[in-house]
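Chain naming here is simple, since letters A, B, ... match the order of the sequence lines and numbering starts at 1 in each. Note that this is a predicted model, so its numbers are computed, not measured.
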2 protein chains.
Amino acid sequence: MQDVRLTPTSYVVLGLIDQVGQATPYDLKRLVSISVGYFWSLQHAQLYSEPERLTRAGYLTEEREEGGRRRKRYALTERGREALAAWRAQPPDDLAELREPALLKLFFGADRKELATAQLEAHRRRLAEYEAVREQMPPRTPEGSRLTLEAGIRHEHTWIAFWREVAGG
Amino acid sequence: MQDVRLTPTSYVVLGLIDQVGQATPYDLKRLVSISVGYFWSLQHAQLYSEPERLTRAGYLTEEREEGGRRRKRYALTERGREALAAWRAQPPDDLAELREPALLKLFFGADRKELATAQLEAHRRRLAEYEAVREQMPPRTPEGSRLTLEAGIRHEHTWIAFWREVAGG
DNA sequence: CCTATCATGTAATCCGTTACATGATTAT
DNA sequence: ATAATCATGTAACGGATTACATGATAGG
């Protein structure tokens, strides 16, 4: 059993498997795309390699389906559950940075009007998607989903106001 | 001369060298820390490796100081200037994701009150820093700096409002 | 039927982070 | 003087992205 560093990716995998009990990499892919993927997306290839890593380190068990596609199906071990709980209870790490490519362009002298117009449209589209998701949220959606989506929506509003001013100035 | 993919890191290096004419890795480190570093920070080691990469691909020239520390000093080539201009003119890539670790914790069931309190304090501190920078901005600061800082400040406000409600609900 | 897209997975590459180092200044 | 921090750089590692592959399903 080998030591690995637990990254945010690790906790996404652990957290999702915790929510659903067990999952194949493809299950994880779909789960990510309808949940945390809105603010923290992952490449599908990582949903194959990351569970392997976590299994090597004793956080997950792996069992292969007999016959058919012989999928690998993962579940939490006790160690995995503990790691997840410890992470949840820890004070959060450093704050995220904006890391917005468009801001880099703005900083390095791109045409403001053009840039702002393109950004405005992209953010409006994204806001519309988020709002559509919110409308269709079933009644008993967990608070975590609801709140993270809410955070996303607010940031979209902030971006829209920002780029509108940049475009208009 | 070797092909390399140009990443955001590449454009930070190209953009900064474009602004100052020429720079050593250590110059770049300081430049980043007082400019784009507020929303797009880089490890100092990358400011050694990235210019090498860019030089291998013909975007920069490298010359070594004689004597002393024999620092490497980089400057843009024509190809580098063109690449930077092309990037500036391109429509922006995909929008950034929030990728906020605290949101992951919220999503996966961390204690809302505790989490929100910690985040509130961290964001308040960061907002104060940004505002201090804004106060001390010299008169003729380029619009790019001013606007990107403004974007940062607004997002901090958004976060503060969000976490305040999460804490209060 | 044939083609496009979805489902599912592995392998290779490489950028970014972390660890390691050491000479020069500054502070006490 | 000595410790601490700044200045400056290299090397190793590993997580994340990209490329490569192929069987299944659905649409036209």
Exercise for the section: Check the pair B:R126 / B:E121 against salt bridge (charged side-chain N to carboxylate O under 4.0 Å, His left out), numbers first and verdict last. Expected result: CA-CA 9 Å; B:R126 188 147 86 174; B:E121 186 178 332; over 6 Å; no
Handout entry: Atom-pair distance (CD on A:E52; C1' on D:dA16), nearest Å
Key = 15 Å
Practice task
Could you tell me the separation between the CG atom of A:D3 and the P atom of D:dG15, rounded to a whole number of Å?
Solution key: 11 Å
Problem - Contact nearer the 5' end of DNA chain C, comparing A:R5 with A:K29 - result: A:K29
Handout entry: Residue-phosphate contact under 4.0 Å: B:Y48 side-chain N/O, D:dG9 OP1/OP2
Key = yes
Handout entry: Distance-only donor-acceptor check, side chains A:T77 and A:T61, under 3.5 Å
Key = no
Handout entry: Listed nucleotide nearest any side-chain atom of A:T7, set C:dA19, C:dG9, D:dG15
Key = D:dG15
Exercise for the section: Using atom CZ of A:R30 as one end and atom C1' of C:dT8 as the other, report the distance to the nearest whole Å. Expected result: 11 Å
Handout entry: Length of the line joining B:D94:CG and D:dT17:C1', which is rounded to integer Å
Key = 14 Å
Problem - Pair A:R154 + A:E150: basic N to acidic O under 4.0 Å - result: yes
Handout entry: B:Q43, nearest nucleotide to its side chain (from C:dT17, C:dT10, D:dA16)
Key = C:dT17
Problem - Separation of D:dA16 P from A:L47 CG (nearest whole Å) - result: 11 Å
Practice task
Decide side chain to side chain contact (heavy atoms under 4.5 Å, CB included) for B:L98 and B:W159; before the verdict, give the C-alpha distance in whole Å, the side-chain angles of both, and the deciding distance to 0.1 Å.
Solution key: CA-CA 11 Å; B:L98 286 180; B:W159 277 125; 4.2 Å; yes
Problem - Nucleotide of D:dG9, C:dT17, D:dT18 approaching A:A45 most closely (side-chain heavy atoms) - result: D:dT18
Exercise for the section: Using a strict cut-off of less than 4.0 Å between a Lys/Arg side-chain nitrogen and an Asp/Glu carboxylate oxygen, indicate whether B:R81 and B:E78 qualify as a salt bridge. Expected result: yes
Exercise for the section: Rounded to the nearest angstrom, tell me the gap between atom OH in A:Y26 and atom C1' in C:dT5. Expected result: 11 Å
Practice task
Answer yes or no: does a side-chain N or O of A:T9 lie under 4.0 Å from OP1 or OP2 of D:dG15?
Solution key: no
Problem - B:L6 CG - C:dG16 P separation (whole Å) - result: 11 Å
Practice task
Provide, to the nearest angstrom, the distance between the OH atom belonging to A:Y11 and the C1' atom belonging to D:dG15.
Solution key: 15 Å
Problem - Distance test, side-chain N/O of B:Q46 to OP1/OP2 of C:dG16, below 4.0 Å - result: yes
